[in-house]
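Atoms within each ligand, like the ligands themselves, are counted from 1 in listed order. Values in this document were obtained by computation on a predicted structure and should not be read as measured data.
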Amino acid sequence: MEKAELIFVPWPLMGHLAQQVELAKLLINRDKKFTITVLISRLPASLDPITNKLIDSLVASSTTEALQFFQLPPTDPTPEWSSLSRGYFIQKQLDSQKPHVKKFIQQRQTDESSSSKLVGVVVDMFSTSMIDVADEFGIPSYVFFTSSAAFLGLMLHFQSLQDEYNQDVSEFSNSKTSLSFPGFANPIPPSVLPIVLVDKPLWIHRFLLCARGCRKAKGILINTFTELEPYAVDSFNLSESSPEILPVGPILNRVQYISRDVQSGIMEWLDGQPPGSVIYISFGSLGSLQIDQVKELANGLERSGYRFLWCLRRPPPKNTIVDFPSEYENYRDVLPEGFLDRIANIGKVVGWVPQLAVLSHAAVGGFISHCGWNSTLESIWCGVPLATWPLEFEQQLNAFQLVVELELSVEITLDYSSMDKNQALVRAEQIETGIRKVMESDSEVRKKVKEFSDKSRRSMKQGGSSHESLGSLISKMLHNS
Ligand code: UDP
């Protein structure tokens with residue numbers, strides 16, 4: 001049997017990498033002809049220790065004959081890389097790997113002893129600069145898009161306004177009224193438009209390039225499922241030569257990379273809590289709150305009286321551009337006086353948790369979330385309703401989609417922005433109200449999330465929508481060969 005080889009180029013961050021490896025495993029399980037090599041470019045461990053641990057664990061636990069990892073050589077950052085944003089730094093690091101990726105593909109293509117044929121390159125939504133490398137060899141490229149279909153639609157729409165109609169899309173954020181865009185049933189308030197589309201430097205140097213890159217691919221695999229976003233999935237206005245849109249999710253982060261002790265401490269604590277009684281709080285792999293806001297959240301939790309599991313992480317130092325949150329040495333330094341003693345019987349404050357395992361635990365009844373797309377999919381998968389508290393990127397748009405478009409979440413805030421220097425605090429009362437609503441045991445939102453949990457699981461099974469999309473992708477990949 002001639003093997004069909006795929007090369008994957010993921011984005012080396014938590015919300016992208018594990019999911020792309022999971023996609024690789026799905027493809028391999030669906031067709032034994034596939035062999036996949038994942039090209040890994042690591043950030044320095046001093047910047048992002050968590051993703052580095054994830055990479056170590058992936059390489060150790062997932063490597064098989066069909067799935068291989070190739071670590072690209074470390075590169076030396078130039079001062080310019082650190083000049084704009086964390087994403088820009090990673091973009092530059094990845095771009096600097098182009099010659100190595102080219103060499104890797106060249107070797108594969110000229111290896112006469114190999115019985116496999118290179119049938120595609122699968123790049124992350126932010127690794128689209130690698131499409132040019134694949135094009136040089138005439139190899140089809142596919143993009144793995146780790147946010148919603150609605151966000152992809154909006155980004156492509158903005159790119160077309162900019163490139164075809166020379167429109168300054170940043171102007172949308174000054175609108176006095178809500179705006180209608182394809183992919184959304186409701187008009188969008190300007191305050192929830194993703195900063196990455198309306199902030200000029202972020203748009204021009206990152207997301208405009210990402211949108212242009214996506215258009216060059218043969219297909220865009222979105223980590224979503226049609227039943228969740230039918231309106232957005234149907235709204236793509238693409239021409240014959242445009243990439244095919246394939247909803248293939250939810251593809252979740254299932255890798256185990258946390259020490260057994262930490263994991264069992266958290267899971268044993270959850271085991272001791274009644275079903276549906278705990279609210280889980282996390283702002284993802286990149287989010288954190290300033291001290292004043294931490295105190296309001298602590299007060300809101302205490303006022304609500306609910307049990308809670310809180311991932312509390314230290315914000316990066318001010319004025320750091322390539323910024324990642326880190327762990328606190330002592331939570332007492334930032335929490336209100338006496339808080340940890342008062343809540344000792346009902347709450348647990350931790351750093352990093354195995355999120356999918358936490359959300360799957362019967363004790364967890366609600367989730368205060370920054371609405372990162374992976375956290376959104378994981379909560380839907382587990383049937384746990386969200387209370388929305390976005391921080392950055394496209395998270396405000398996700399919150400709007402979850403609360404207004406889909407009615408799958410409760411609002412704490414839709415337009416909080418950690419990037420806005422004048423951002424007002426979310427007060428304890430507002431947090432308490434959100435917690436009470438999301439923890440209601442028989443609310444419409446909870447019923448709907450349970451319904452979508454079933455739909456999400458069905459979509460991945462034989463005959464399900466995402467299962468079918470992946471099947472159609474596989475036959476195209478193999479047919480191309
Ligand atoms: N995550 C985790 N433990 C944590 C926080 C986050 O395992 O304590 C995982 C989470 O399960 C998800 C990813 O990190 O898969 C975060 O992705 P998301 O898109 O939600 O947000 P981002 O971190 O990209 O902002």
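- Below 4.0 Å from some heavy atom of Gly372 lie the following atoms of ligand 1, by number and element: 18 (P), 19 (O), 20 (O), 21 (O).
- More than 12 heavy atoms of other shown residues, nucleotides or ligands fall within 6.0 angstrom of atom CD in Glu80.
- Between Phe225 and Phe452, the ring planes are tilted. Angles from 30° to 60° get that label.
- Closest protein heavy atom to atom 19 (O) of ligand 1: Asn374 ND2, 2.8 Å.
- For an aromatic pair to be called close, the ring centres must be under 6.0 Å apart, and Phe126 with Phe207 satisfies this.
- Among protein heavy atoms, the minimum distance from atom 14 (O) of ligand 1 is reached at Met14 CG, 3.3 Å.
- Distance from atom 6 (C) of ligand 1 to its nearest protein heavy atom, with residue and atom name: Trp352 CH2, 3.4 Å.
- The N/O atoms of Val353, backbone and side chain alike, include one that comes under 3.5 Å of an N/O atom in ligand 1.
- Residue Asn253 has at least one heavy-atom neighbour below 4.0 Å for each of these atoms of ligand 1: 15 (O).
- Listed by number with element, the atoms of ligand 1 under 4.0 angstrom from any heavy atom of Gly284 are 23 (O).
- Interface atoms of ligand 1 facing Gln19, defined by a heavy-atom separation under 4.0 Å, are 15 (O).
- Between Glu378 and Asn253, the side chains place no donor N or O within less than 3.5 Å of an acceptor N or O (distance only, hydrogens not considered).
- A distance below 6.0 Å separates the ring centres of Phe181 and Phe158.
- With hydrogens and angles left out, the side-chain atoms of Ser41 and Gln93 include a donor and acceptor closer than 3.5 Å.
- When atom types are taken as modelled, the side chain of Thr51 and the backbone of Asp48 share no donor-acceptor pair closer than 3.5 angstrom.
- Looking at His370 next to ligand 1, an N or O pair under 3.5 Å apart turns up.
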Could you go through the side-chain hydrogen bond (donor to acceptor under 3.5 Å, both in side chains) check for Gln355 and Ser375 one step at a time? CA-CA 8 Å; Gln355 181 163 296; Ser375 296; 3.1 Å; yes
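- For atom 23 (O) of ligand 1, the closest heavy atom belonging to the protein is Ser285 OG, 2.4 Å.
- Note: Tyr88 and Trp81 fail the aromatic proximity criterion, with ring centroids not under 6.0 Å apart.
- Every atom of ligand 1 is numbered from 1 in the order shown, and the set under 4.0 Å from a heavy atom of Trp373 is 19 (O).
- Protein heavy atom at the shortest distance from atom 20 (O) of ligand 1 is Ser375 OG, 2.5 Å.
- For ligand 1 and Glu378, the ligand atoms under 4.0 Å from any heavy atom of the residue are 10 (C), 11 (O), 12 (C), 15 (O).
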